[in-house]
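What follows is a set of notes on a single structure, which appears directly below.
For this chain, numbers begin at 1 and follow the sequence in order. As a basis for the values below, the full set of heavy atoms in this structure was taken, side chains included, without hydrogen atoms, waters or symmetry mates.
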Amino acid sequence: MRQWLDGLETRHGLDKLTQQARQLVLVSFVILLLLVIYRGFFIQGETFNWRPVVAFVLPLLLFLPSIIGQRARGHAWLAFVSLLYFTQGVMLATLPGQGMRGVLEAVISLALFTGCMAYARFRSRQQRQG
């Protein structure tokens with residue numbers, strides 16, 4: 001795996017790979033955030049309660065400063081948090097009538113995980129070089 005990543009860095013360059021990983025993080029973060037907000041409102045009954053929405057959204061929003069500040073360590077931690085949303089998506093996918101939403105959440109959170117890990121690797125190597 002390390003040889004493959006080193007070859008990828010040699011062929012494409014760290015700047016391009018870092019930029020592509022960042023784009024993947026931004027797109028998947030926004031989509032997952034919107035999906036989680038939608039799910040938070042969707043599970044509400046006749047009376048609205050904001051607590052479930054906050055409980056779903058807050059873990060993602062805590063990493064917003066790291067994403068804006070382009071910090072590699074924050075992206076690495078966000079990758080681990082995204083696995084919680086992956087687990088939740090897999091569990092949702094097993095419920096009747098929730099299959100598509102669960103699969104979508106699992107796939108988007110997996111994209112966020114991949115983008116965050118790639119960004120953390122490429123950005124930290126980029127900072128060491130320059």
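The list of side-chain hydrogen bond (donor to acceptor under 3.5 Å, both in side chains) pairs with a residue in residues 15-28, not counting sequence neighbours, reads Asp15-Gln126. Within the structure, salt bridge (charged side-chain N to carboxylate O under 4.0 Å, His left out) pairs that include any residue of residues 52-77 do not occur (at least two apart or interchain). Residue pairs that meet the side-chain hydrogen bond (donor to acceptor under 3.5 Å, both in side chains) test with at least one member in residues 75-97, sequence neighbours left out, do not exist here.
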For residues 57-65, which side-chain N or O atoms pair as donor and acceptor with protein atoms under 3.5 Å away, sequence neighbours left out?
none

Which atom pairs, one a donor and one an acceptor, fall under 3.5 Å between side chains of residues 111-119 and the rest of the protein, sequence neighbours left out?
unit_1: Thr114; atom_1: OG1; unit_2: Leu110; atom_2: O; d: 2.9
unit_1: Tyr119; atom_1: OH; unit_2: Gln70; atom_2: O; d: 3.4

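Transitive grouping of hydrophobic side chains (ILVMFWY, heavy atoms separated by less than 4.5 Å) keeps Val107 and Leu92 in distinct clusters. Both Val36 and Val27 sit in one connected hydrophobic cluster of ILVMFWY residues. Membership requires side-chain heavy atoms under 4.5 Å apart, directly or through other members. One hydrophobic cluster holds both Phe80 and Ile67 under the rule that ILVMFWY side chains link at heavy-atom gaps under 4.5 Å. In the hydrophobic cluster analysis, where Ile, Leu, Val, Met, Phe, Trp and Tyr join through side-chain heavy atoms closer than 4.5 angstrom, Ile68 is grouped together with Leu78. Leu83 and Leu24 fall into different hydrophobic clusters, where Ile, Leu, Val, Met, Phe, Trp and Tyr residues are linked whenever their side-chain heavy atoms come under 4.5 Å apart, directly or through other members.
Atom CZ in Phe29 sits 10.0 Å away from atom CG in Leu34 (nearest 0.5 Å). Rounding to the nearest 0.5 Å places CD1 of Ile31 at 4.5 Å from CD1 of Ile108. With rounding to the nearest 0.5 Å, the separation of CG in Leu17 from CZ in Arg125 is 10.5 Å.
In plain terms, the two heavy atoms of Leu35 and Glu105 that are nearest each other are CD2-CA, 3.5 Å.
With sequence neighbours left out, the side chain to side chain contact (heavy atoms under 4.5 Å, CB included) criterion links Val90 to Phe86, Ala106.
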